[in-house]
Amino acid sequence: MATESDGEEDTTGKLSGSQNLAVDDDSREMAKKAAWSVSSCKPGNGVPSLRDDNLETYWQSDGAQPHLVNIQFQKKVKLHLLVLYVDYKLDESYTPSKISIRAGDGFHNMKEIKTVELVKPVGWVHISLSGTDPRDTFIHTFMLQIAVLSNHLNGRDTHIRQIKIYGPRPNPVPNQPFHFTSKEFITYSTIR
């Protein structure tokens with residue numbers, strides 16, 4: 001949830017979080033098709049803690065910033081939404097305050113697509129991966145990298161409790177230019 005500017009401080013691009021994970025029906029979770037790795041982690045707080053659908057567990061980095069989460073796909077995929085669960089009330093200085101999202105074919109050609117500032121976030125933070133051009137509704141990539149550049153209160157290590165990545169749901173009728181959603185339309189969408 002983006003915060004609005006009140007005239008005193010520019011909060012454009014700063015996110016705070018939402019308690020509910022609400023994603024469009026036209027989206028599907030893509031993370032299960034990926035190979036995950038992290039730059040560092042404390043024992044017992046690695047990648048499985050990011051993907052277990054348990055908000056009580058978390059990935060905890062161990063080392064110098066930036067802290068990286070790498071998500072690699074076997075083939076090029078379309079992605080349009082990254083969702084993180086972070087909790088400033090529980091994690092305080094471990095909570096990320098500035099995140100860079102990067103995409104590319106592999107580690108050798110990563111390009112930053114977005115930088116986001118988080119303001120004491122509690123809950124699910126939705127980060128759109130689409131560009132500034134309205135025609136760019138998704139990115140097409142082999143790899144996504146989340147880089148935690150800084151934490152609240154100048155913290156050193158990071159806690160992220162969950163990460164989910166969404167892409168557009170494919171058209172259920174192949175070679176059909178229109179995307180029908182009701183069963184009635186899908187039934188009559190082809191000649192038999």
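Model, not experiment: these values are computed from the prediction.
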message: Is the shortest side-chain heavy-atom distance between L144 and V69 below 4.5 Å?
response: no

Ion pair K120/D87, N-O distance below 4.0 Å: no

field: Audit row: S100, L149, side chain to side chain contact (heavy atoms under 4.5 Å, CB included) steps and yes/no
entry: CA-CA 7 Å; S100 170; L149 304 178; 3.9 Å; yes

Pairwise distance CD1(I113) to CZ(R102) - rounded to 0.5 angstrom: 11.0 Å

task: Look at the rings of Y94 and H159 and say which category their plane angle falls in: under 30° parallel, 30 to 60° tilted, over 60° perpendicular.
output: parallel

- request: Quick one: pull up SG in C41 and CG in L50 and give me the separation to the nearest 0.5 Å.
  value: 9.5 Å

message: Ignoring hydrogens, what is the shortest heavy-atom contact between S49 and G44? Give both atom names and the distance.
response: OG-O, 3.5 Å

field: I127 side, atom CD1; L81 side, atom CG - distance, nearest 0.5 Å
entry: 8.5 Å

query: Any chance the side chains of E112 and T115 put a donor and an acceptor closer than 3.5 Å?
result: yes

field: side chain to side chain contact (heavy atoms under 4.5 Å, CB included) between N109 and F142, intermediate numbers included
entry: CA-CA 11 Å; N109 70 348; F142 278 105; over 6 Å; no

query: Can you tell me how far the OG atom of S40 sits from the CG atom of D157, to the nearest 0.5 Å?
result: 6.5 Å

- prompt: Taking the side chain from R161 and the backbone from L55, do they hold a donor-acceptor pair closer than 3.5 Å?
  reply: yes

message: Please check: side-chain N/O of K114 versus main-chain N/O of L129, any donor-acceptor pairing under 3.5 Å?
response: no

message: Parallel, tilted or perpendicular, judged at 30° and 60°: which one describes the rings of W59 and H67?
response: perpendicular

- prompt: Should M143 and I165 be regarded as members of a common hydrophobic cluster, given that ILVMFWY residues are connected when their side-chain heavy atoms come within less than 4.5 Å of each other, either directly or indirectly?
  reply: no

message: Is there a side chain to side chain contact (heavy atoms under 4.5 Å, CB included) between Q162 and V86? Walk through the geometry before answering.
response: CA-CA 7 Å; Q162 292 293 299; V86 287; over 6 Å; no

- prompt: Any donor-acceptor pair under 3.5 Å linking the side chain of N154 with the backbone of N151?
  reply: no

statement: In this structure, OG of S39 is separated from CD of Q65 (nearest 0.5 Å) by 10.0 Å

- prompt: Under 3.5 Å, is there a donor-acceptor pair between the side chain of S93 and the main chain of G155?
  reply: no

query: Taking NZ, NE, NH1 and NH2 as the nitrogens, is one of them in E29 or R51 under 4.0 Å from a carboxylate oxygen of the other?
result: yes

- request: Answer yes if I163 and V77 sit in the same cluster of Ile, Leu, Val, Met, Phe, Trp and Tyr residues linked by side chain heavy atoms under 4.5 Å apart, and no otherwise.
  value: yes

task: May I ask you to decide if P168's main-chain N or O and S27's side chain share a donor-acceptor pair within less than 3.5 Å?
output: no

- prompt: Does the ring center of Y166 lie less than 6.0 Å from the ring center of H80?
  reply: no

- prompt: Taking the side chain as C-beta and beyond, is there a heavy-atom pair between V148 and L68 under 4.5 Å?
  reply: no

message: Whether the side chain of Q72 engages the backbone of A35 through a donor-acceptor N/O pair (distance < 3.5 Å, no angle test) should be reported.
response: no

message: I'd like to know if the side chain of H152 reaches the main chain of L118, judged simply by a donor and an acceptor atom lying under 3.5 Å from each other, with no hydrogens or angles considered.
response: yes

message: Among L84, L82, T158, V125, which residue satisfies the side-chain contact (heavy atoms from CB on, under 4.5 Å) criterion with I99?
response: L84

field: In one Ile/Leu/Val/Met/Phe/Trp/Tyr side-chain cluster, 4.5 Å: W36, L79
entry: yes

field: Nearest-0.5 Å distance that lies between atom CG in N70 and atom CD1 in I146
entry: 9.0 Å

query: Looking only at atom types and distance, does a side-chain atom of N45 sit under 3.5 Å from a main-chain N or O of Y58, one as donor and one as acceptor?
result: yes

query: Taking it one step at a time, do I101 and Q145 satisfy side chain to side chain contact (heavy atoms under 4.5 Å, CB included)?
result: CA-CA 6 Å; I101 313 293; Q145 184 178 71; over 6 Å; no

